[in-house]
2 protein chains.
Amino acid sequence: MDDTPDHNTEPPVAAPPRRSRRKSGGTTLRDVAKLAGVAPITASRALNTPNAVSDAILERVRAAVEQTGYVPNMLAGGLASRKSRLVAAVIPTISGNVFLEMVQALTASLAASGYQLMLGQSGYEDSREDELLEAIIGRRPDGVVLTGIMRSPQGRQRLLTSGIPVVETWDLTPDPIDMLIGFSHEKVGEEVARYLHARGKRRVATLSANDQRAMRRMKAFSEAAIELGMARPGETEVPGWVVPAPTNVGLGRSGLRELLARHPDIDALFCSSDMVALGVLTEAQAQGIAVPDQLAVVGLGDLSFARDLQPALTTVRIDGATIGSTAARFIVDRSQEREVRDGIIDIGFSIIERDSA
Amino acid sequence: MDDTPDHNTEPPVAAPPRRSRRKSGGTTLRDVAKLAGVAPITASRALNTPNAVSDAILERVRAAVEQTGYVPNMLAGGLASRKSRLVAAVIPTISGNVFLEMVQALTASLAASGYQLMLGQSGYEDSREDELLEAIIGRRPDGVVLTGIMRSPQGRQRLLTSGIPVVETWDLTPDPIDMLIGFSHEKVGEEVARYLHARGKRRVATLSANDQRAMRRMKAFSEAAIELGMARPGETEVPGWVVPAPTNVGLGRSGLRELLARHPDIDALFCSSDMVALGVLTEAQAQGIAVPDQLAVVGLGDLSFARDLQPALTTVRIDGATIGSTAARFIVDRSQEREVRDGIIDIGFSIIERDSA
DNA sequence: ATGAAAGCGCTAACAG
DNA sequence: CTGTTAGCGCTTTCAT
């Protein structure tokens, strides 16, 4: 509170040698407005809602922008409007290749609506996911796309209270945080088991990464296989080999060797990713094992190379592109206060029958 | 220009029923400060420069943060401090797999320093790159990582005047915008030609994506091959086949077929990516062509699967992880006003000799 | 070591 | 359709 003497009859003085922050030097909306001879807000409108402005002014503002090379500061805009036009995505890792299609579609769809993607990699560990979350929420993104279900209660809570639209993907849950685009990993396992059973395979096995979702697929696969009678007497589960995520071709090759050493009689193998499956195919070829007759191979992901392998890889297709573009649409709609109907969807999967099984 | 009557002797009234913007409802630094019984700036210091604050206050602020679940708004912080802690990366496409390692390393290294990555895909077209740029600069990132050299003069200019640290990667140029981490595509072509020549191959060919850098590698390869005497009389260049980027396995398979139809006698093939090379290997196997004896195959990228193929793929290794982590370091250093020495480096490449050539 | 004031560059709210 | 004003939530600058 200033102790201005009460006999001061003038409006508060503007004088006290005021400090001033260094101006960035960059062109601001103010500069543009001044040049165009309008108020800053009018220039703002000319850029953001051109219809709300007369043609003459629109023209002048555009010219001023052109002349100055003005680029709006979205940090400032975002702070004022509470719309950052940023969307964060959390994926376990980009190098597994399984999520590429989704990220690709997400980036593209968002860009088409003027949004940018912030990428975070959690590395299959729930702990890092939690850390990432704080960094993400701090940027006040207009949406968050999660790969998988957010398990950690703190994470859920944080996201919930942040009010940011959330899309969980790549899995199903009865109580999503917000929106959801996924499929049932259990069903995948069951269907693949049925698929192999129908093709006469009776001695099936699994080769899986040790991540949550892959393990659930394999468990369901094993249970369905047992149920279908594809088990030796006394066996309660199907032979399996687990490798660390993210998977790669080498793990597929060594995995097959390990499996064969323990169970030389297996006639079909469900792999947790196409990369592992490629490894299995490669090792089988190297060992002179006939695919699919001697050993049927099923992958997951339908990566771009799957159809072009020799033999062409039978695999479970997850439509990552649809997951990505739908997630983008959900978030853009939400962030523009449009209602999102059917924000919880099971996009399913399909077994693409090719030559390896 | 208010027309306040000049007989007004009172200080401007504070009264007029003032509108107020809806508060976000979220916890702000102010709330935390109030709870801790300190000024906002002190709370700010407790969080950002803990050393500048007494232990007692530090404790109280931390408790208040804990209690309220406060998450700093980095948009606001970035606006005030001119540090967004965001770094933008522009890559042609994520789906080609060649840049994955770099993106992976970039994300990880940045995250370790508290920075986040914004991903933009330009799609191998310079035009989209220009568009992206505006969106990027608008967010005032603390750095921009470009894949390849920025060709467009407007783009260069924009970046230059923006004052944002820029790292161009994956290529060399005498006049980079700012920092540079790359290698010579011409040298790659030459070295591969020499490599094949030394292994007795005399009828070499190329299978390349139509992107700028790949084409330059192939051109240099062809010229070196000619120079080395690996040409039929009158030939001015080596046989080649061009496919659209991004490459995939299918293009490799069909590419080999096309090449063989036109030049049945080729004995070595330099592919512009490991994905294409995998396609070539697959097609060769399908056709019963012996690799490397009948046909040597060299890829580029040393993707994770290269070593595990059968035959293991001889390829040109580009250390994407180093590109990514170095770029991250450069940008973090710069953004913290630390000097970056040797900001222009040629990281080279190496030919990884395996079984396919 | 702590605080008051003044913005960063923009847009929401209200008024004409 | 255009303008005024008051912030968005934080940090800088200056002062103590």
Side-chain angles (χ1 to χ4, degrees), chain A residues 1-3 12 14-34 36-58 60-61 70-85 138-140, chain B residues 1-4 12-34 36-58 60-61 70-85 138-140:
Chain A
M1 309 310 123
D2 66 4
D3 54 348
R18 279 278 145 254
R19 55 253 173 138
S20 87
R21 270 160 104 148
R22 67 171 187 285
K23 279 209 58 164
S24 71
T27 311
T28 71
L29 186 59
R30 218 184 167 114
D31 303 325
V32 171
K34 200 167 295 175
V38 298
I41 182 66
T42 304
S44 169
R45 286 197 267 248
L47 296 175
N48 299 316
T49 51
N51 295 343
V53 139
S54 72
D55 288 359
I57 284 189
L58 192 56
R60 274 152 55 202
V61 172
Y70 169 69
V71 180
N73 183 331
M74 301 187 73
L75 257 56
L79 178 58
S81 67
R82 294 157 186 305
K83 281 175 184 351
S84 62
R85 291 191 155 255
R139 306 213 183 257
R140 305 297 191 263
Chain B
M1 352 228 94
D2 70 358
D3 53 350
T4 307
V13 189
R18 280 277 148 252
R19 55 246 171 148
S20 88
R21 272 160 102 147
R22 67 170 187 285
K23 280 207 59 164
S24 70
T27 310
T28 71
L29 185 59
R30 219 186 167 112
D31 302 328
V32 171
K34 199 167 297 175
V38 296
I41 181 62
T42 304
S44 169
R45 285 197 267 248
L47 297 175
N48 299 316
T49 52
N51 295 343
V53 138
S54 71
D55 288 0
I57 284 191
L58 193 55
R60 272 152 58 202
V61 172
Y70 170 68
V71 180
N73 183 331
M74 302 188 72
L75 257 55
L79 178 58
S81 68
R82 296 157 184 306
K83 280 174 185 350
S84 63
R85 291 190 157 257
R139 305 212 184 258
R140 304 299 190 263

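Naming convention: chains lettered A, B, ... in sequence-line order (proteins, then strands); numbering from 1 in each chain. Just so you know, these numbers come straight off a predicted model, no measurement behind them.
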Original post:
Quick one: which of A:Val61, A:Asp31, A:Leu29 gives a side chain to side chain contact (heavy atoms under 4.5 Å, CB included) with A:Tyr70?
Top reply: A:Leu29
Original post:
Donor-acceptor pair, A:Arg140 side chain versus A:Leu79 backbone, under 3.5 Å?
Top reply: no
Original post:
Okay, side chain of A:Arg60, backbone of A:Ala36: is any donor-acceptor separation there less than 3.5 Å?
Top reply: yes
**OP:** Starting from P on D:dG9, measure out to CG on B:Leu79 and report it in whole angstrom.
**Re:** 12 Å
Original post:
Rounded to whole angstrom units, what separation is found between the CZ atom of B:Arg139 and the C1' atom of C:dC8?
Top reply: 18 Å
Original post:
How many Å lie between CD1 on B:Ile41 and C1' on D:dC10, as a whole number?
Top reply: 8 Å
Original post:
Distance check: side-chain N/O of A:Ser44 vs OP1/OP2 of C:dT11, anything under 4.0 Å?
Top reply: yes
**OP:** Among the candidates D:dG9, D:dT2, D:dT12, find the nucleotide nearest to the side-chain atoms of B:Asn73.
**Re:** D:dG9
Original post:
For A:Asn51, which contact category applies under a 4.0 Å heavy-atom criterion: base, sugar-phosphate, or nothing?
Top reply: sugar-phosphate
Subject >> Spatial distance of atom CZ (B:Arg82) from atom CG (A:Leu75) [nearest 0.5 Å] >> reply: 10.5 Å
Original post:
When the nearest nucleotide of DNA chain C is assigned to A:Tyr70 and to B:Ala52 on a heavy-atom basis, which residue is associated with the more 5' position?
Top reply: B:Ala52
Original post:
Given atom CZ of B:Arg30 and atom P of D:dC8, what is their separation to the nearest angstrom?
Top reply: 7 Å
Original post:
When the distance from CG of B:Asn48 to P of C:dT2 is rounded to whole Å, what number comes out?
Top reply: 15 Å
Original post:
For B:Leu47 and D:dT12, what is the distance between atoms CG and P respectively, to the nearest whole Å?
Top reply: 13 Å
Original post:
For the side chain of A:Ser54, counting heavy atoms from C-beta on, which of C:dG9, D:dC10, D:dC1 is nearest?
Top reply: D:dC1
**OP:** Would you mind reading off the distance between B:Met74 atom CE and C:dC8 atom C1', rounded to a whole angstrom?
**Re:** 16 Å
**OP:** Please state how far atom CZ in B:Arg82 lies from atom C1' in C:dG9, giving the value in whole angstrom units.
**Re:** 9 Å
Subject >> Nearest-nucleotide pick for B:Ala39, side chain only, options being D:dT11, C:dT11, C:dG3 >> reply: C:dG3
Original post:
Nearest to the side chain of A:Thr28 - D:dT12, D:dC10, C:dC10?
Top reply: C:dC10
Original post:
Among the nucleotides D:dG9, D:dT11, C:dT2, which one has an atom lying closest to any side-chain atom of B:Ser81?
Top reply: D:dT11
Original post:
What is the nucleic acid contact for B:Leu75, judged by heavy atoms within less than 4.0 Å: base, sugar-phosphate only, or nothing?
Top reply: nothing
**OP:** With the side chain of B:Ala80 defined as its heavy atoms from C-beta on, choose the nearest nucleotide among D:dG3, C:dC10, C:dG7.
**Re:** C:dG7
Original post:
Which comes earlier along DNA chain C counting from the 5' end, the contact point of B:Ala76 or that of B:Arg45, where each point is its nearest nucleotide?
Top reply: B:Arg45
Determine all donor-acceptor pairs shorter than 3.5 Å in which one atom belongs to a side chain in residues 46-53 of chain A; sequence neighbours excluded.
from, atom 1, to, atom 2, distance (Å)
A:Asn48, ND2, A:Ser44, O, 3.2
A:Asn48, ND2, A:Ser44, OG, 3.3
A:Thr49, OG1, A:Arg45, O, 3.4

